[in-house]
Amino acid sequence: MENLEKLLNKEQLEGVLTTEGPVLILAGAGSGKTRVLTHRVAYLIAEKNVNPWNIMAITFTNKAAAEMRERVDRIAGEGSEGVWISTFHSACVRILRRFADRIGYKNSFSIYDSDDSKSLMKQIIKLKNLDPKKYKEKRFLGQISDFKNNLIDCDEAEKYLKGAEGRLTAGIYREYQARLKSNNAMDFDDLIMNAVLLLKSDKEVKAYYNDRLHYIMVDEYQDTNAAQFELIKLLSEKRKNLCVVGDDDQSIYKFRGADITNILSFEEHFPGAKVIKLEQNYRSYTSILNAANAVIKNNRGRKDKSLWSNRGEGEKVRFRQFESSYEEADFIADDIRKREKSLTADYKDFAVLYRTNAQSRTLEEKLMMAGIPYRIVGGINFYQRREIKDILAYLTAIENPDNDVAIRRILNVPKRGIGATTEGKIAEYAAGRSLSFYDGMQLGVENGMFGRSGKKLSDFMSFIDTLRTKLSFHGVVGLVKDIIEDTGYSEELKLEDTDESRARLENLDELINKAALFEHEINEDEETKDLPADEKLSLFLQDVSLMTSADTGDDAENHVTLMTLHAAKGLEFPHVYITGLEDGLFPSQLSINSDDSDEEIEEERRLMYVGITRAMDTLTLTCAKARMVRGQTEYMPVSRFVKEIPAELLDGRVEKTSYSFDERADYKERADFGFKAYVPKENDYGSLAYGGIYGYSGNAKGQKRKPRKKKEDISLLYTKGADMVKSSLDYGVGDRVKHTKFGEGTVTEIKDGGRDYQVTVEFDTAGRKKMFAGFARLEKI
DNA sequence: CTTGCGTTCGTTTTT
DNA sequence: CGAACGCAAG
């Protein structure tokens, strides 16, 4: 380990060298915390002669884990693969796969994702004959999640819950857990809670991990909840060499159980803890950090610190106020185009951030019309797409027929004439006999309980059995292919022959690829290559169930990134736009109205801090005086967070904070044309609300609605647009083409723009337009 | 059992 | 405004 001093600043070095005892590294945004963590691992191995096997690093996301793995392998080199680097959830799965039988589960449990949990809860509400209007899954699931995050089991919950409503909730919780267990399944929160339960109740298991794990590191510690805290505490109990890294100012996940006091009270939880502050920022210009510091200092509950940088002053933070969200989006599209044209930046250098997902729509439209390639982060995860979930449900059903959610998902997919009525009958029959759905179906069919549906059901069951037999002959990949073929899924999609069905088919191909890659990997691995096919299938499903969109990303592509402020945490971009800076939107109205408004606003302020500190070179803050929210035009004053930035740091003034009645009326008139009729200054395009991006046409009168779509289906088209790899064009200069929005026109120029063609078209009515072929989807006529 | 239509409801999200 | 969902007609 040469020259650590040269690679690290004083505080970072201290973080690396302080290996013994509890350590809290308060790492400000952009202060190089991953650098410290990876060097720390390398130092432990190389200088302290610690066996890599005795080191563990925990993160929240697969992406962070993969990144850490990569960097540790690079820095620490030989032997580093022994270091246990994983997410909270996959670490717990690994523990539970080994020992779950000691707390009454099978080691081969399925993992329910949030959709599965939702289906399960729906079944319960239905079975309990509750009014679904009054009792929605979300409410119960939210409460149950809160309980689990705080390690409160059914018995304990019962003590907390008083009154009729309370008893109901407790009963639902109990039923939900019972069903999970009989389905041989755990939800995401169970993974953590049950791991803790196991470590607490089984001394042997705890001793096993305590003996193994000499050094534990935790990233993003400010995001941990009570259950995760307990887990870490238990795992590190023997040696107490626990190093946590985090930033209380970036704690933005309270709503999903994160407890900021874990980091604020670390020294009390772990007496004798050493605290190291990393305040030097290597990311941003001083002007940006000054703005960030100015905003965050308004929070009371925080550890005092202040970021600084020696990158120089940089440009002032820009602030721009617009009449409407359309003008705001126009400005951003135009600004990005100018900067990209002037060759000072690539599209990939830009990020546009917003508080709520709904805001992305307007931005998308404008970017698309400006021909700027973009990508939205945080859309639907590959593994949550309908076609993928369907095929995975088949695999799950083959592996674990007790998994009711999987069985019921595929019962009538593809359509085999088994409808809701039959499904309900089976569910009731099974529940009455304490059988799983599948077993209930089997018994019921034998006893002729389901009348005319009996034949269909037995066909279905033998179909599943046939598939199961195929597993041992064809392996995992073969089985995936078989399912896609034998269900008629691929044929159906081929016949449909729309952009959407083609996109779906591509997704299915991608799933086959992932399965092939997985099978290849486990067949290379000495430990797993000789496992029987069904165990390989289990491994595949486990792998996939903890996967998210994060690792589907292809960072190399040159596109602008659109995302929520939450999704931006941990990322950095040369040019950042924070949009919708209006009181009532950001901070959100809910936080302003909340009972503990002070705390909620502080959380929103941290979100603002996260947003500001994403920017490396320039930061632009924008807001609109009037904005459509839920179909209504809202007038909101400039966000208090903008006002917290001293005027001398801003380029652009905060003009007004409220409007007179007349002014409002004026804005209203303009904004109420709203979504449909608003025409920007250039007057050359209307809104795409009538259907461009989603190929989908609202509920406008007289228009025929396209077939029912669910959230998991939408986004296929634009994702495809963004993904569009350059292919040859079927039109050339001089050809007549048709555009969904601009109508017909003549191609006047085609430029090769690297990964896509830039096409110039002289439209008959809309005038001349430049666009990317991949986005424009021009049709030759 | 499937499909069309009206009603309701609405932060942030990883695993 | 738009998505999700429940209900009632094909």
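Remember, predicted model here, so these are calculated numbers, not experimental data. Throughout, protein chains are lettered first and strands after them, A, B, ... in sequence-line order, and every chain is numbered starting at 1.
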May I ask you to verify if any side-chain N or O of A:T422 is less than 4.0 angstrom from the OP1 or OP2 atom of B:dC1?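 Yes, such a contact exists.
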Using a cut-off of less than 4.0 Å, is there contact between a side-chain N or O of A:R361 and OP1 or OP2 of C:dA3?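 The answer is yes; a side-chain N or O of A:R361 sits under 4.0 Å from OP1 or OP2.
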Write down the distance between [atom1] ([X]) and [atom2] ([N]), rounded to a whole number of angstrom.
| X | N | atom1 | atom2 | value |
| --- | --- | --- | --- | --- |
| A:E600 | B:dT12 | CD | C1' | 11 Å |
| A:Q589 | B:dC9 | CD | C1' | 17 Å |
| A:L607 | B:dT13 | CG | P | 10 Å |
| A:E603 | B:dT12 | CD | C1' | 9 Å |
| A:D115 | B:dT15 | CG | C1' | 13 Å |

Is the shortest distance from a Lys or Arg side-chain nitrogen in A:K366 or A:D330 to a carboxylate oxygen in the other one below 4.0 Å?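 Counted as a salt bridge, because a side-chain N and a carboxylate O are separated by less than 4.0 Å.
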Looking at the side chain of [X], which of [options] is the nearest nucleotide?
| X | options | result |
| --- | --- | --- |
| A:R630 | B:dT14, B:dG10, B:dT12 | B:dG10 |
| A:H566 | B:dT11, B:dT12, B:dT15 | B:dT12 |
| A:T421 | B:dC1, B:dT11, C:dC1 | B:dC1 |

Identified side chain to side chain contact (heavy atoms under 4.5 Å, CB included) counterpart of A:Y221 within the set A:N262, A:D247, A:I58: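 So, applying the side chain to side chain contact (heavy atoms under 4.5 Å, CB included) to A:Y221 and each of A:N262, A:D247, A:I58, only A:N262 qualifies.
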Applying side chain to side chain contact (heavy atoms under 4.5 Å, CB included) between A:I376 and each of A:R361, A:M563, A:E364, report the one that passes.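 Passing option: A:E364.
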Counting only heavy atoms and a strict 4.0 angstrom limit, can you tell me which residues of residues 252-260 of chain A come near DNA chain B?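 Under 4.0 Å from DNA chain B: A:Y253, A:F255, A:R256.
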Run the ring-ring contact (aromatic ring centres under 6.0 Å, His included) test against A:F586 and tell me which residues pass, sequence neighbours left out.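 A:F641.
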Do A:Y429 and A:F450 make the cut of ring centroids closer than 6.0 angstrom? yes
Is there any salt bridge (Lys or Arg N to Asp or Glu O under 4.0 Å) pair reaching into residues 217-230 of chain A, and which pairs are they, with sequence neighbours excluded? A:K33-A:D219, A:K33-A:E220, A:E220-A:K569, A:D223-A:K569
Between A:S110 and A:N400, does any side-chain donor sit less than 3.5 Å from a side-chain acceptor?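 The criterion, which ignores hydrogens and geometry beyond distance, is satisfied for A:N400 and A:S110.
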For B:dT12, give the paired nucleotide (Watson-Crick: N1-N3 plus N6-O4 or O6-N4; G-U: N1-O2 and O6-N3; both under 3.5 Å), or none. none
